[in-house]
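The structure under discussion appears below in the form of structure tokens.
If you're wondering where the values come from, they're calculated on a predicted model, not measured in any experiment. Residue numbers start from 1 in every chain, and the chains themselves are labelled A, B, ... in the order their sequence lines are given, proteins ahead of strands.
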Protein chains: 2
Amino acid sequence: MGSLKTGELAQQAGVNVETLRFYERKGLLPDPPRRQSGYRQYPEESVDRIRFIKRAQEVGFSLDEIRELLALRVRPGTTCSGVRQRVEQKIRDVRRKIADLEAIERALTELTASCSSRGPISECPILENLDGEFPSPREAKAKSRRP
Amino acid sequence: MGSLKTGELAQQAGVNVETLRFYERKGLLPDPPRRQSGYRQYPEESVDRIRFIKRAQEVGFSLDEIRELLALRVRPGTTCSGVRQRVEQKIRDVRRKIADLEAIERALTELTASCSSRGPISECPILENLDGEFPSPREAKAKSRRP
DNA sequence: CTACAGCCCGTACCCTAGTACGGAGTCAAG
DNA sequence: CTTGACTCCGTACTAGGGTACGGGCTGTAG
């Protein structure tokens, strides 16, 4: 044992069977070995791979980007420097995403704070906590806010 | 001064003019005042709003979710408790995304580390740093890996 | 005053990421 | 050995997020 049929993999990974075929076509999931009948036999690790894809999607990577991410591992004889370049770019991308999310988190936290501190209704003005809160494109715009 | 035409806003925010109309239709951008000719007059803050939308998209929020996020602010007389519920859910979503990204970041960092420590080619095995690294669906699966 | 860029609107089109469909082959249980 | 669940494949369809198109108005620089 230790190999999965499409239905089993789909269920364990929480996706549709068609999605697996789709990912295979797109090169996100390597073509698995088949038995003589043509049935696919997925290794158990495929579950992790699918889940990784799903998580990466949830944080805003496209399937193309995810294919790149996955390609970064499992390279037998690639030159390190070439890989390093791309990995370091990816790391920067990821950090930018994290920074953006942290800004959103701060804004939301302030929002609950301003909400819960004063008690009831209409004392909860919930203002523009989310505006202009994003320093991440490394340029700090001088805002001239004139009435 | 202090109001923008569609083309100006589009350019400053780095999006297509059509995108602005699209967002307006979708309720992401409130209908701006018009002059008698019908020309839209956007307030300057619209730039921030568009940029926010773009950032939020990059970290995996759909336009529907972004509309909700934007709706959380600027509420005149909503009941705090109702808002709080939703905000706190959002905060959890955001934290999960951050955790996922941090896992990816760690994996990528290890990857460069394993790459740069030993020198040249083919000594760079770059293995499955990215597999099974994701604890975030709060269930730790006991893996029985049998040869 | 007229030209030409810029705006208006509705509609049609495009890409991405799946989902669904349906006819044919497979396989385990009864 | 048949039946029902599962698999195969190719193709078609969908929803989300835009983009493009084209005909008609606007507004400002010459």
For this session: Determine: side-chain N/O of B:Tyr23 to OP1/OP2 of D:dG17, distance under 4.0 Å, yes or no.
Result: no

Problem set entry | Heavy-atom donor-acceptor pair, A:Tyr39 side-chain to D:dC8 base, under 3.5 Å | no

Exercise. Counting side-chain heavy atoms from C-beta on, which of C:dG10, C:dC27, D:dC8 comes nearest to B:Glu18?
Worked result: C:dG10

Exercise. Closer to the 5' end of DNA chain D via nearest nucleotide, is it A:Arg40 or B:Arg35?
Worked result: A:Arg40

For this session: Kindly say whether A:Tyr42 contributes a backbone atom to a donor-acceptor pair with the side chain of A:Ser46 at under 3.5 angstrom?
Result: no

Exercise. Quick one: is D:dG18 close enough that its OP1 or OP2 comes under 4.0 Å of any side-chain N or O from B:Asn16?
Worked result: no

Exercise. With sugar-phosphate meaning primed atoms plus P, OP1 and OP2, does B:Lys26 contact a base, only sugar-phosphate, or nothing at under 4.0 Å between heavy atoms?
Worked result: nothing

Exercise. Considering only D:dT7, D:dG17, C:dA17, which nucleotide approaches the side chain of A:Lys5 most closely?
Worked result: D:dT7

For this session: Using whole Å, report how far CZ of B:Arg34 lies from P of D:dG27.
Result: 13 Å

Exercise. What integer distance in Å separates B:Arg25:CZ from C:dC9:P?
Worked result: 10 Å

Seminar exercise, completed: When rounded to whole Å, the NZ to C1' distance for the pair A:Lys54 and C:dT16 reads 12 Å

Exercise. What is the distance from CG of B:Leu63 to C1' of D:dG16, rounded to the nearest Å?
Worked result: 8 Å

Exercise. Would you find a donor on one side and an acceptor on the other, under 3.5 Å apart, between the side chain of B:Arg67 and the backbone of B:Lys26?
Worked result: yes

Exercise. Quick one: on DNA chain C, does A:Asp64 or B:Ser37 contact a more 5' nucleotide (nearest heavy atom)?
Worked result: B:Ser37

Exercise. Short question: side chain of A:Lys97, backbone of A:Val59 - any donor-acceptor pair under 3.5 Å?
Worked result: yes

Problem set entry | Check: B:Arg25 side chain, B:Leu20 main-chain N or O, donor-acceptor pair, under 3.5 Å | no

Problem set entry | Candidate pair B:Arg95 and B:Glu88, rule salt bridge (charged side-chain N to carboxylate O under 4.0 Å, His left out), full reasoning | CA-CA 11 Å; B:Arg95 294 214 171 116; B:Glu88 277 161 10; over 6 Å; no

Exercise. Would a distance-only check, ignoring hydrogens and angles, find a side-chain to backbone donor-acceptor pair under 3.5 Å from B:Glu65 to B:Ser62?
Worked result: yes

Exercise. Quick one: does B:Arg21 reach the base of D:dG18 with a side-chain donor-acceptor pair under 3.5 Å?
Worked result: no

For this session: Just compare C:dG18, D:dG17, D:dG27 and give me whichever is closest to any side-chain atom of B:Ser62.
Result: D:dG17

Exercise. To the side chain of A:Thr6, which of D:dT7, C:dC27, D:dT19 is closest?
Worked result: D:dT7

Exercise. Reckon A:Thr19 has a side-chain N or O less than 4.0 Å from the OP1 or OP2 of C:dA17?
Worked result: no

For this session: Whole angstrom is fine here: how far is it from CG in A:Leu20 over to C1' in C:dA17?
Result: 14 Å

Exercise. Can you tell me if the side-chain N/O atoms of A:Gln36 get under 4.0 Å from OP1 or OP2 in C:dT26?
Worked result: no

For this session: Send over the distance from A:Ile66 CD1 to C:dT16 P, rounded to a whole Å.
Result: 14 Å

Exercise. Taking only N and O in the side chain of A:Gln57, is any of them less than 4.0 Å away from OP1 or OP2 of C:dG18?
Worked result: yes

Exercise. Whole-Å distance between D:dC9 P and A:Phe22 CZ?
Worked result: 16 Å

Problem set entry | Separation of D:dT7 P from A:Gln41 CD (nearest whole Å) | 13 Å

